[in-house]
**Q** 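Starting off with a structure, shown below.
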2 protein chains.
Amino acid sequence: MKVHVAQPKLCAAEILETVPLLMSVLRAHSRSASSPELSIPQFRALAFVGRNQGGMLCDVASFLGLTPPSASKLIDGLVAKRLLLRYAGTTDRRSISLSLTAAGRKIYERAVQSAEKFLADHLSQLAPSVLEEMRHSLEVLRSIFQPLEVRKS
Amino acid sequence: MKVHVAQPKLCAAEILETVPLLMSVLRAHSRSASSPELSIPQFRALAFVGRNQGGMLCDVASFLGLTPPSASKLIDGLVAKRLLLRYAGTTDRRSISLSLTAAGRKIYERAVQSAEKFLADHLSQLAPSVLEEMRHSLEVLRSIFQPLEVRKS
DNA sequence: TATTGTTATACTCTATAACTATA
DNA sequence: TATAGTTATAGAGTATAACAATA
């Protein structure tokens with residue numbers, strides 16, 4: 001009985017320990033390894049634009065959990081590196097649309113490969129049942145905390 | 001069969017999506033909520049020192065996955081805020097020892113409470129079996145990626 | 001007037017390189 | 001010479017406040 005009350009707190013404590021740890025592991029890998037040209041936020045921005053070609057800046061900001069100025073600056077850097085294109089919307093000229101360049105897509109895909117290989121190498125020691133539990137647990141966490149879906153055009 | 005090959009990659013992809021998302025959720029909460037005085041790295045540093053009173057700076061750096069200069073600067077800020085004490089080691093005067101002040105412990109505990117409550121509120125909708133799977137999965141991840149244990153004094 | 005985005009400013013996080021002090 | 005830590009410097013990530021342009 002009491003355990004049911006405690007469970008969310010125990011899980012919360014585990015999240016608080018594990019998530020920042022994994023984040024620093026990911027950051028350290030992405031800096032040192034084969035994809036040092038992208039930081040994690042830059043990587044996420046490219047991922048979002050790749051899935052939402054023509055998406056607006058406010059969509060990127062909400063997906064990344066950033067304020068508009070922070071998102072604007074992040075996008076600035078990616079445009080300067082020729083990984084993203086930014087152009088004014090046609091119907092509403094206040095909004096901007098974003099899309100990947102060929103170089104952006106290539107670098108993004110290389111970074112995904114590198115990070116997935118790095119993680120998968122560490123996970124390969126685990127039993128299939130454990131991996132499946134883990135994948136499911138993370139999916140549940142993501143669905144709980146992910147910002148609301150972005151409207152298409 | 002093939003699924004067994006794919007599993008680590010699937011899990012890796014899920015980590016890559018979910019961990020940065022959770023990190024930005026945690027950061028946003030810690031800024032806005034009842035514990036805006038601590039950033040996540042500061043929070044982690046206090047947690048480490050709380051569990052390793054008298055620990056050395058290089059231990060903090062390795063726990064946090066930081067270079068020594070980065071850790072030194074982080075500790076600087078916490079010492080300036082009177083949350084940590086820093087003093088030279090007795091046997092080896094090159095090393096420094098760290099400990100929590102009363103204020104440091106108090107602010108750390110308040111931040112833990114706030115973050116755990118925030119997370120637990122979102123998790124309380126989940127079934128006990130799902131929570132237990134999640135806690136276990138995170139624990140496994142942590143054990144895989146955590147830096148080696150720190151020697152005691 | 002409300003919305004979309006940018007500019008100005010400031011602070012934290014993080015790194016590398018060069019340094020000091022101690023062993 | 002090797003180790004523990006700091007200082008100097010630089011760049012990215014993030015925020016708030018103030019602004020410009022469009023609707």
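Every chain is numbered from 1 and lettered A, B, ... according to where its sequence line falls, protein lines coming before strand lines. Worth knowing before you read on, the calculation uses all heavy atoms, side chains too, and leaves out hydrogens, waters and symmetry mates.
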**Q** Would you say the side chain of A:Arg94 and the base of C:dT4 hold a donor-acceptor pair, judged only by whether the two atoms sit under 3.5 Å apart?
**A** no
**Q** Can you tell me how far C1' of C:dA15 sits from NZ of B:Lys73, to the nearest Å?
**A** 10 Å
**Q** Which class fits the ring pair B:Phe118 and A:Phe145: parallel under 30°, tilted 30 to 60°, perpendicular over 60°?
**A** tilted
**Q** Under 4.0 Å: is that the gap between some side-chain N or O of B:Ser70 and OP1 or OP2 of C:dA15?
**A** yes
**Q** Calculate the interatomic distance between A:Leu38 atom CG and D:dA12 atom P; express it in whole Å.
**A** 12 Å
**Q** Quick one: on DNA chain D, does A:Thr90 or A:Pro41 contact a more 5' nucleotide (nearest heavy atom)?
**A** A:Pro41
**Q** Could you give the distance from CZ (A:Arg93) to OH (A:Tyr87), rounded to the nearest 0.5 Å?
**A** 15.0 Å
**Q** Does A:Arg93 put a side-chain nitrogen or oxygen below 4.0 Å from OP1 or OP2 of D:dT22?
**A** yes
**Q** Taking B:Thr18 for its side chain and B:Ile15 for its backbone only, find out whether a donor-acceptor pair lies under 3.5 Å.
**A** no
**Q** What nucleic acid atoms does B:Thr91 come within less than 4.0 Å of, heavy atoms only: base, sugar-phosphate, or nothing?
**A** sugar-phosphate
**Q** Between A:Pro68 and A:Asp92, just flag the one whose closest nucleotide in DNA chain D comes earlier from the 5' side.
**A** A:Pro68
**Q** Once you round it to whole Å, what is the distance between P of D:dG13 and CD1 of A:Ile75?
**A** 11 Å
**Q** If each of A:Ser24 and A:Ser97 is mapped to the nucleotide of DNA chain C with the nearest heavy atom, which maps nearer the 5' terminus, i.e. the 5' end?
**A** A:Ser97
**Q** Measure NZ/A:Lys81 against P/D:dG11 and give the value in whole Å, please.
**A** 13 Å
**Q** Within the structure provided, determine whether B:Val60 and B:Leu74 are in side-chain contact (heavy-atom separation under 4.5 Å).
**A** no
**Q** What's A:Arg44 touching, base or sugar-phosphate or nothing? Going by heavy atoms closer than 4.0 Å.
**A** nothing
**Q** In whole angstrom, give the distance that lies between atom CG of B:Leu78 and atom P of D:dT6.
**A** 13 Å
**Q** Within this structure, what is the CG-to-P distance between A:Leu66 and D:dG13, rounded to whole angstrom?
**A** 10 Å
**Q** Calculate the interatomic distance between B:Leu57 atom CG and C:dA21 atom P; express it in whole Å.
**A** 18 Å
**Q** For D:dA4 and B:Ser95 - does any side-chain N or O of the residue sit under 4.0 Å from the phosphate oxygens OP1/OP2?
**A** no
**Q** Looking only at side-chain N and O atoms, does A:Ser39 come under 4.0 Å of OP1 or OP2 in D:dA12?
**A** no
**Q** Is the phosphate of C:dT6 approached by A:Ser72 (side-chain N or O, under 4.0 Å from OP1 or OP2)?
**A** yes
**Q** Is any side-chain N or O of B:Arg27 closer than 4.0 Å to OP1 or OP2 of D:dT14?
**A** yes
**Q** What is the distance from CG of B:Asp76 to C1' of D:dA4, rounded to the nearest Å?
**A** 15 Å
**Q** Mind checking whether A:Lys117 and B:Lys9 have side chains closer than 4.5 Å, heavy atoms only?
**A** yes
